[in-house]
Amino acid sequence: MSKSKSDSLDYIQLRNLQHYLYCPKRWGLMNINCDWQSNVLVTIGDVIHTRVDNAKLVTNTQTKITERAVPVYNDFYKLVGKIDALELTRSPQGVYVSKYGDKFNFAIIEYKKAKPKNVSDYSMDDAVQMYGQKLCVDEMFGCDAKIILYYCDIKKRITVSANKELDDLFFKVYQEVVFALSNNIIPQKESDQNCGGCSLADVCLPKCYAKDNSIKKMILEQNEKIT
Ligand code: SF4
């Protein structure tokens, strides 16, 4: 699949990519149908981000400067978003940042409430979102930023490998999001979708789709087309 940009669309929020990878249907309900419902898991995530969402909270030490809630963009792929924390480590080999009058190595930090139980290091949903952040920061500053996940439950940093597998997955999801937005499509529920904890379950009604009931299925599908 080519890595073409979205010429016909406005800038795409980076969180779209993570949401789409988690569940394309949930992404479609939120972004095409403008549906939303919160639940306790969403609220916990919001609380965790409260501290890092304070853009005025900048820590500056001899070795490191950390900015929070940093707006980022990539003009080539028309991506826009906000990163939890941008860590600038002073280094003679780094990139010069005029507002601090020094050279730095860059690291993007994303805070997550819990490490996914079914993976050894990190989920690809999280990694894809962070790869998009890296594309933005690298374009803005001409650097090669590290990408690091911080899991609050285990209080541990895990470095995400920006390898070819992640690059390919990012652009696959990016193209699918661009296609769905361009054509106003809500993707169907995937057969192996894990719906545990989804705040939109009452809107999506995933169990109705699980039953082999053609009339109910047809009505639900027609309803989606109308709404
Ligand atoms: S209930 Fe399941 S299929 Fe429906 S939006 Fe949520 S995660 Fe996706």
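Just so you know, ligand 1 is whichever comes first in the structure, and atom 1 is the first atom listed for that ligand. Along the sequence shown, residues are numbered consecutively beginning with 1. No hydrogens, no waters, no symmetry mates; every other heavy atom, side chains included, goes into these values. These figures come from a predicted structure and were not determined experimentally.
- In this structure, CG in L79 is found 6.5 Å from CD1 in I12, a value given to the nearest 0.5 Å.
- For atom 1 (S) of ligand 1, the closest non-hydrogen atom on the protein side is P206 CG, 3.5 Å.
- Between the side chain of E87 and the backbone N or O of K64 there is no donor-acceptor pair closer than 3.5 Å.
- The parts of C195 lying near ligand 1 are both backbone and side chain, judged by heavy-atom distances below 4.0 Å.
- Of the listed residues (I83, V72, L166, I147), just one forms a side chain to side chain contact (heavy atoms under 4.5 Å, CB included) with K134, and that residue is I147.
- Counting heavy atoms closer than 4.0 Å to ligand 1, residue R26 contributes atoms from both its backbone and its side chain.
- Annotation for ligand 1: atoms under 4.0 Å from non-hydrogen atoms of C204 are 1 (S), 3 (S), 4 (Fe), 5 (S).
- Checked against N16 for a side chain to side chain contact (heavy atoms under 4.5 Å, CB included), the options L21, N31, V173 give a single hit: N31.
- In this structure, F171 has its ring center closer than 6.0 angstrom to the ring center of Y77.
- Protein heavy atom in closest approach to atom 3 (S) of ligand 1: K189 CG, 3.5 Å.
- Of the candidates G28, C23, G196, C23 brings a heavy atom nearest to atom 8 (Fe) of ligand 1.
- The CG atom of D126 lies 11.0 Å from the NZ atom of K115; values are rounded to the nearest 0.5 Å.
- Here C198 meets the criterion, with an N, O or S atom under 2.8 Å of atom 6 (Fe) of ligand 1.
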